[in-house]
Novice: 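The structure follows.
Every heavy atom of this structure was used, including side-chain atoms; hydrogens, water molecules and symmetry mates were not.
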Amino acid sequence: MTELPNIWSYLSSEPLAWLTATLIAYLIGDWCAQKTGRGPLANPVLIAVILLGTVLVLTDTPYQPYFEGAQFVHFMLGPVTVALAVPLYQNRTLVRKSLLPMAGALLAGSLTAILSALFVAKAMGVSGAELISLAPKSTTAPVAIGIAENMGGLPTLTAVLVILTGIIGAITVTPLMNAMRITDWRARGFAVGVAAHGIGTARAFHVNQTAGTFAGIGMGLNALLTALITPYILINI
């Protein structure tokens with residue numbers, strides 16, 4: 001029995017161990033999603049987070065050693081985001097026809113995401129670095145972390161809030177849009193891309209290709225707009 005802890009201590013010190021654990025956790029999450037017909041609650045990212053969190057707690061592993069091993073996944077966020085340009089190009093005609101309503105939706109969605117979080121947090125007594133960390137929660141992780149660092153926020157807290165926002169958005173978007181009887185896939189996709197960045201965009205692609213395309217556009221444009229307006233809002237709020 002004493003050999004098992006020794007083996008685990010050796011494996012957990014190897015960088016590839018946590019990368020492998022991350023990929024396995026996601027594959028399990030994706031398998032669960034497939035078995036449930038891609039239902040909103042069976043989100044692969046949510047399942048993977050729960051599995052990995054459980055392993056980290058049970059093995060008493062701090063986050064930093066885990067991240068050092070799994071940071072390749074973080075690095076791949078950039079290329080994956082750029083790859084969203086492919087469906088954008090394929091649907092360029094449809095996108096051009098929707099530029100004006102997208103501009104209005106982007107401005108409304110970005111301002112709502114930032115201001116609602118800040119005003120609710122301030123009403124609950126949150127201030128300082130914690131308040132700053134909340135502002136970019138609806139944009140993609142690399143941009144959100146960069147904004148938090150530059151404005152004096154807590155990048156780690158921002159990363160957690162970004163993931164939670166994406167998971168909540170991915171889980172609630174389909175039933176919410178159905179309840180609101182919104183049937184235009186462009187509107188559905190763009191809304192979830194603005195509100196729930198990459199995780200929401202991944203969910204949109206599972207539901208409908210057009211929705212996924214417009215979610216990718218919403219995610220990219222919201223990252224740009226959030227980076228531009230967040231410093232001004234934080235200075236003046």
Novice: Quick check on side chain to side chain donor-acceptor pair (under 3.5 Å): which of Asn178, Thr174, Thr183 does Arg188 satisfy it with?
Specialist: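 Checked Asn178, Thr174, Thr183 against Arg188; only one passes side chain to side chain donor-acceptor pair (under 3.5 Å): Asn178.
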Novice: Would the distance check show the side chain of Thr158 and the main-chain N or O of Ser133 forming a donor-acceptor pair, the cut-off being under 3.5 Å?
Specialist: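 Yes, because the side chain of Thr158 sits within donor-acceptor range (under 3.5 Å) of the backbone of Ser133.
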Novice: Got a second to check how far Ile163's CD1 is from Lys137's NZ, nearest 0.5 Å?
Specialist: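 Between Ile163 CD1 and Lys137 NZ, I get 14.0 Å after rounding to 0.5 Å.
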Novice: To the nearest 0.5 Å, what is the distance between CD1 on Ile217 and OG1 on Thr201?
Specialist: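 Nearest 0.5 Å value for the CD1-OG1 distance: 10.0 Å.
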Novice: Do any N or O atoms from the side chain of Asn150 and from the backbone of Gly146 form a donor-acceptor pair under 3.5 angstrom?
Specialist: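 Such a contact is found between Asn150 side chain and Gly146 backbone.
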Novice: What pair of heavy atoms forms the shortest contact from Leu51 to Ala25, and how long is it?
Specialist: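 Smallest interatomic distance, heavy atoms only, reads CD1-O, 4.0 Å.
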Novice: Provide the closest heavy-atom pair for Lys122 versus Leu131 in the form atom of the first, atom of the second, distance.
Specialist: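 The pair with the smallest heavy-atom distance is CG-CD2, 3.6 Å.
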Novice: What's the spacing between Phe214 CZ and Asn208 CG if we round to 0.5 Å?
Specialist: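 Rounded to the nearest 0.5 Å, the CZ-CG separation comes out at 10.5 Å.
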Novice: Under a 4.5 Å side-chain heavy-atom rule over Ile, Leu, Val, Met, Phe, Trp and Tyr, are Leu111 and Phe119 clustered together?
Specialist: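 Yes, one cluster joins them.
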Novice: Measuring from atom SG of Cys32 to atom CG of Asn43, what distance do you get when rounded to the nearest 0.5 angstrom?
Specialist: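 Those atoms lie 11.5 Å apart.
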Novice: For the side chain of Ser110 and the backbone of Leu107, is there at least one donor-acceptor N/O pair under 3.5 Å apart?
Specialist: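 Looks like no, no N/O pair under 3.5 Å.
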Novice: Run the side chain to side chain contact (heavy atoms under 4.5 Å, CB included) check on Arg203 and Ile171 step by step: do they pass?
Specialist: CA-CA 8 Å; Arg203 170 62 185 170; Ile171 290 174; over 6 Å; no
Novice: Quick one: CG on Leu52 to CH2 on Trp18, what's the gap to the nearest 0.5 Å?
Specialist: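 Separation between the atoms: 7.5 Å.
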Novice: Show the nearest heavy-atom pair for residues Ala204 and Val192, with the distance to one decimal.
Specialist: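 Here Ala204 and Val192 meet closest at CB-CG1, 4.0 Å.
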Novice: Looking at every non-hydrogen atom in both residues, tell me the closest pair between Ser98 and Arg186 and how far apart they are.
Specialist: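 Closest approach of Ser98 to Arg186: OG-NH1, 3.1 Å.
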Novice: Is Trp185 close to Thr213 at the side-chain level, that is, under 4.5 Å between some pair of heavy atoms?
Specialist: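 SC-SC contact between Thr213 and Trp185 ruled out.
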Novice: Using modelled atom types and a 3.5 Å cut-off, is there a donor and acceptor pairing between side-chain atoms of Ser116 and backbone atoms of Thr112?
Specialist: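 It does hold such a pair.
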Novice: Shortest non-hydrogen contact from Ala33 to Ala42?
Specialist: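 Closest approach of Ala33 to Ala42: CB-O, 3.2 Å.
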Novice: Show the numbers, then the answer: is there a side chain to side chain contact (heavy atoms under 4.5 Å, CB included) between Leu154 and Glu130?
Specialist: CA-CA 7 Å; Leu154 306 172; Glu130 290 79 9; 4.0 Å; yes
Novice: Give the cluster check for Ile47 versus Val55: same hydrophobic cluster or not, with ILVMFWY residues linked at side-chain heavy-atom distances below 4.5 Å.
Specialist: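 Hydrophobic grouping puts Ile47 apart from Val55.
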Novice: Transitively linked via ILVMFWY side-chain contacts under 4.5 Å: Val49 with Ile168?
Specialist: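 The answer is no; the residues belong to distinct hydrophobic clusters.
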Novice: Could you check whether any side-chain heavy atom of Thr226 comes within less than 4.5 Å of a side-chain heavy atom of Val143, counting everything from C-beta outward?
Specialist: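 Contact flag for Thr226/Val143 side chains = no.
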Novice: Are Val162 and Val173 connected in the hydrophobic side-chain network, where two residues link if heavy atoms are under 4.5 Å apart?
Specialist: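 Val162 and Val173: separate clusters.
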Novice: In Å and rounded to the nearest 0.5 Å, what is the CG to OG1 distance from Leu221 to Thr139?
Specialist: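 Reported to 0.5 Å precision, the distance equals 10.5 Å.
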Novice: Which of these passes side-chain contact (heavy atoms from CB on, under 4.5 Å) with Leu118: Ile132, Thr230, Leu234?
Specialist: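 For Leu118, the side-chain contact (heavy atoms from CB on, under 4.5 Å) check succeeds only for Leu234.
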Novice: Ignoring hydrogens, what is the shortest heavy-atom contact between Pro44 and Tyr26? Give both atom names and the distance.
Specialist: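 Residues Pro44 and Tyr26, closest heavy atoms: CB-CE1, 3.5 Å.
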Novice: Taking a hydrophobic cluster as the set of Ile, Leu, Val, Met, Phe, Trp and Tyr residues connected by side-chain heavy atoms closer than 4.5 Å, whether directly or through intermediates, do Val194 and Leu94 fall within one such cluster?
Specialist: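 Cluster IDs for Val194 and Leu94 match.
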